[in-house]
Amino acid sequence: MILILFGPPAAGKGTQAARIKDKYQVAHLSTGEMLRAAVAAGTEVGKRARAIMDAGKLVSDEIVIGIIADRIKEPDCKRGFILDGFPRTVAQARALDDLLKSRKLEIDVVLEIRVDEAALVKRVEQRAADAKAAGQPVRPDDDPETFKKRLKVYHDETAPVLPYYENQKKVRVIDGMLPIEKVWEQIEKALTETGKKRGFLSRLLTGG
Ligand code: AMP
């Protein structure tokens, strides 16, 4: 199973990806996490990405496509994988299709997590205020002003990826405004239906 979790920053993609990974034993590929790890490790990629990430902008297509191309070759991706935060541009979506085609693979489904963005901004402002009050560090790009920039980048550069997948009839809409448990129920239903339609449901549930 190859699926894309699509939606604006702070929509809950990471939380739901962790659940999907646990239930179906597929790999969770978050380009944001991989980039943060590269920054922390001080690698060449990390050095190139750091300032861009802190400013809430997108790292170059070339860097993230390279990261994903390497990562999907790892053995834990054999049963399938969840893409979280990738693709974020139409160029990335095209490159991903080419990459998958060359390995005789294909995206099964794109789960679009829909959220009310005004509510998201409030959520992130609250999270930053709570962290500060508790003396904990706030992720630099979760600073409310930077977060608003990330939302703008989402609109300008990432939202146009959706029609690309709508044309391929791959998109399922998930209401992301509901409690975590209810969002999860919708995801399980969408994955069960996709698994039946595409003939991988039993493999998915049995670990084969
Ligand atoms: P995330 O944790 O997914 O919100 O990603 C954090 C930051 O990493 C983003 O704001 C970007 O700067 C960078 N990033 C993550 N994924 C991508 C991507 N697919 N393309 C470009 N930049 C990315």
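Start at 1 and go down the list; that is how both ligands and their atoms are numbered.
- Between Gln92 and ligand 1, at least one pair of N/O atoms sits closer than 3.5 Å.
- In this structure a side-chain-to-backbone donor-acceptor pair under 3.5 Å is missing from Lys21 to Leu29.
- In this structure, Arg198 and Val109 have side chains that are not in contact, with every pair of non-hydrogen atoms separated by 4.5 Å or more.
- No part of Lys149 comes within 4.0 Å of ligand 1, judged by heavy-atom distances.
- The nearest heavy-atom contact from the protein to atom 8 (O) of ligand 1 is Met53 CE, 3.5 Å.
- Any N or O atom pair closer than 3.5 Å counts here, and Ile52 shares no such pair with ligand 1.
- Those atoms of ligand 1 with a heavy atom of Leu35 less than 4.0 angstrom away are 8 (O), 13 (C), 14 (N), 15 (C), 23 (C).
- Contact check on Asp142 versus Arg150 returns a salt bridge, with a Lys/Arg side-chain nitrogen under 4.0 Å from an Asp/Glu carboxylate oxygen.
- Of the possible polar contacts, none joining the Glu106 side chain to the Ile2 backbone as a donor-acceptor pair under 3.5 Å is found.
- For atom 2 (O) of ligand 1, the closest non-hydrogen atom of the protein is Arg36 NH1, 3.0 Å.
- Residue contacts with ligand 1: Asp84 is placed with no nitrogen or oxygen under 3.5 Å of a nitrogen or oxygen of the ligand (distance criterion only).
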Side-chain donor-acceptor pairs of residues 155-164 under 3.5 Å, sequence neighbours excluded:
residue : atom : partner : partner atom : Å
His155  : NE2  : Glu117  : OE1          : 2.7
His155  : NE2  : Glu117  : OE2          : 3.4
Asp156  : OD2  : Lys152  : NZ           : 2.6
Thr158  : OG1  : Arg88   : O            : 2.8
Tyr164  : OH   : Asp97   : OD2          : 2.5

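- Contact check for Arg19 versus Glu181: side-chain heavy atoms found under the 4.5 Å cut-off.
- Under the rule for a side-chain contact (heavy atoms from CB on, under 4.5 Å), the partners of Ala49 that lie at least two apart in sequence or sit in another chain are Leu35, Met53, Val59.
- Side-chain N/O atoms of Thr194 and Asp108 include no donor and acceptor closer than 3.5 Å.
- Judged purely by atom type and a 3.5 angstrom limit, Arg123 uses its side chain to pair as donor or acceptor with the backbone of Ala10.
- Only the side chain of Val64 comes within 4.0 Å of ligand 1, counting heavy atoms alone; its backbone N, CA, C and O stay farther away.
- Heavy atoms of Arg150 found under 4.0 angstrom from ligand 1 belong exclusively to the side chain.
- Relative to atom 11 (C) of ligand 1, the option among Arg50, Arg88, Lys57, Arg139 with the closest non-hydrogen atom is Lys57.
- Residue Pro9 has no nitrogen or oxygen atom sitting less than 3.5 Å from a nitrogen or oxygen atom of ligand 1, judged on distance alone.
- Distance alone, capped at 3.5 Å, places no donor-acceptor pair between the Arg103 side chain and the Lys73 backbone.
- Residue contacts with ligand 1 for Leu58 involve both N, CA, C or O and side-chain atoms from C-beta outward (heavy atoms, distance under 4.0 Å).
- Contacts of Glu33 with ligand 1, taken as heavy-atom pairs under 4.0 Å, are absent altogether.
- Of the protein's non-hydrogen atoms, Thr31 OG1, 2.8 Å is the one closest to atom 16 (N) of ligand 1.
- Among all non-hydrogen protein atoms, the one lying nearest atom 22 (N) of ligand 1 is Val59 N, 3.1 Å.
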